[in-house]
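To keep things clear, I will list the structure first and then write my remarks on it.
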Amino acid sequence: MRELRGLSELTEVEEPAWPQLSAELRAAKVPVEVLDPDPGHAAATLLQTQVTVRSYLGAFLFHTGGVLVDDGWLRVYGSPAAHNDRRLPGLARVNGYPAEPDPAWRPAAGLVVAHDVLGGAFAIQGGTEEETGLPGRPGEMVYFAPDSLRWDATGAGYGAWLSWVLAGGTEEFYEGLRWPGWRDEVPGLTGGEGLSLYPPLWSAEAHQDLAGTSRAVVPLEELLGFGRETALQLDGTDPGFLGTP
């Protein structure tokens, strides 16, 4: 069994990433709302995740309560205060962290670090493809796409992915999944809500006329469950854990 490194080992490091990351957050090319962290949650989350603040992941968890990108279209999880206006959950809750740091606990396949409003999930690949069933290399970011109902490797680690998001990468990434007027529908949602489309995103009808779909606000957890169940029914493949927002 591994031994957990103490908080001082994780936070008292040379060249912490926060100065660079905070500069990128301030200069983001897309609308970004940074939520305040809860110090206690941040410390506990960092201890269980066992990454130092020299990494972008460690710095993000320790210094933010999460980030809402593009008016909340994408939610990147941090360590939020108990009461936040957008009710964004923390990375610990989304991944089912134990109540107390446990050296024996690890995510089953990948660590879910973000969700989008459509029920897409971003995760850090937790091992080899043979071990986890997810594509990509250990430590690589992978994405469960609600329009294809499968995981895809992004070719980048967490730090490079987060920098890409803040540099405006979501505009191209979601180009075929956004409809005219989406910015009017998304800002009012909380961090635990998403948009269910009918016909669904994976259907031929939605691909042909995305703007013609009807959209309803639903719990994001319900949307993720629907995506997992549909993948099983259509492809016979279980995408596995998609997070619990």
Side-chain angles (χ1 to χ4, degrees), residues 1-5 7 10-11 17-18 21 35 37-38 41-69 74-80 88-116 119-146 150-166 191-192 220-221 224-225 227-228 238-245:
M1 182 184 298
R2 64 172 179 165
E3 291 186 6
L4 295 179
R5 290 178 289 177
L7 188 62
L10 302 176
T11 59
W18 180 243
L21 176 53
L35 302 182
D38 176 271
H41 290 165
T45 302
L46 201 65
L47 279 171
Q48 185 63 67
T49 311
Q50 285 290 288
V51 291
T52 76
V53 297
R54 190 172 183 176
S55 69
Y56 265 39
L57 177 59
F60 190 86
L61 294 176
F62 198 60
H63 291 283
T64 83
V67 166
L68 300 165
V69 180
L74 178 67
R75 300 91 182 256
V76 186
Y77 299 115
S79 306
L88 188 71
L91 183 106
R93 173 181 151 185
V94 169
N95 289 278
Y97 275 24
E100 299 292 335
D102 180 356
W105 185 91
R106 290 188 178 184
L111 188 70
V112 177
V113 297
H115 285 120
D116 60 44
F122 285 97
I124 302 174
Q125 161 69 287
T128 65
E129 187 169 352
E130 291 73 21
E131 292 169 336
T132 66
L134 302 181
R137 305 178 305 277
E140 185 174 350
M141 292 289 294
V142 294
Y143 176 65
F144 178 76
R150 67 169 184 263
W151 289 97
D152 297 308
T154 68
Y158 180 88
W161 169 80
L162 187 55
S163 293
W164 167 82
V165 166
L166 298 176
L220 185 56
E221 188 170 5
L224 294 167
R228 184 174 181 178
D238 185 356
F241 182 66
L242 299 177
T244 308

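In this text, all values refer to a predicted model and were calculated from it rather than measured experimentally. All values below were derived from every heavy atom in this structure, side-chain atoms included, with hydrogens, water molecules and symmetry-related copies excluded.
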Measuring only between side-chain heavy atoms, which start at C-beta, is [X] closer than 4.5 Å to [Y]?
X: Gln125; Y: Leu111; value: no
X: Leu21; Y: Phe60; value: yes
X: Leu91; Y: Tyr97; value: yes
X: Leu10; Y: Leu47; value: yes
X: Leu4; Y: Gln50; value: yes
X: Pro98; Y: Gln48; value: yes
X: Phe241; Y: Asn95; value: yes
X: Asp38; Y: Ser79; value: no

On a heavy-atom basis, which atom in [X] and which in [Y] lie closest, and how many Å separate them?
X: Pro80; Y: Gly65; answer: CB-O, 3.2 Å
X: Ala123; Y: Gly110; answer: CB-C, 4.4 Å
X: Arg54; Y: Ala17; answer: O-CB, 3.4 Å
X: Tyr56; Y: Ser163; answer: CE2-OG, 3.5 Å
X: Pro146; Y: Gly120; answer: CD-CA, 3.7 Å
X: Thr45; Y: Thr49; answer: O-OG1, 2.6 Å

Distance, nearest 0.5 Å, that separates OG1 of Thr52 from CG of Leu7
11.5 Å
Main-chain N/O of [Y] paired to [X] side chain as donor or acceptor, under 3.5 Å:
X: Arg93; Y: Pro245; answer: yes
X: Thr154; Y: Met141; answer: yes
X: Glu221; Y: Gly192; answer: no
X: Arg75; Y: His115; answer: no
X: Ser55; Y: Val51; answer: no

Are Trp151 and Tyr143 close enough, and set up right, to give a ring-ring contact (aromatic ring centres under 6.0 Å, His included), and what steps lead you there?
CA-CA 5 Å; Trp151 289 97; Tyr143 176 65; 7.9 Å; no
If you count every heavy atom of other residues, nucleotides or ligands that lies below 6.0 Å from Arg137 atom CZ, does the total exceed 12?
no
Given the rule in the side-chain contact (heavy atoms from CB on, under 4.5 Å) test, do Val113 and Ile124 qualify, once you have shown the distances and angles that lead to the verdict?
CA-CA 7 Å; Val113 297; Ile124 302 174; 3.8 Å; yes
Quick check: Phe122 with Trp161 (ring centres under 6.0 Å apart)?
yes
Would you sort out whether Val53 and Leu46 count as a side-chain contact (heavy atoms from CB on, under 4.5 Å), showing the intermediate values?
CA-CA 9 Å; Val53 297; Leu46 201 65; 4.0 Å; yes
Determine, step by step, whether Val76 and Tyr158 satisfy the side-chain contact (heavy atoms from CB on, under 4.5 Å) criterion, reporting the C-alpha distance in whole Å, the side-chain angles of both residues, the deciding distance to 0.1 Å, and the verdict.
CA-CA 11 Å; Val76 186; Tyr158 180 88; 3.8 Å; yes
Does Trp18 form a side-chain contact (heavy atoms from CB on, under 4.5 Å) with Thr64? I'd like the steps, not just the answer.
CA-CA 10 Å; Trp18 180 243; Thr64 83; 3.7 Å; yes
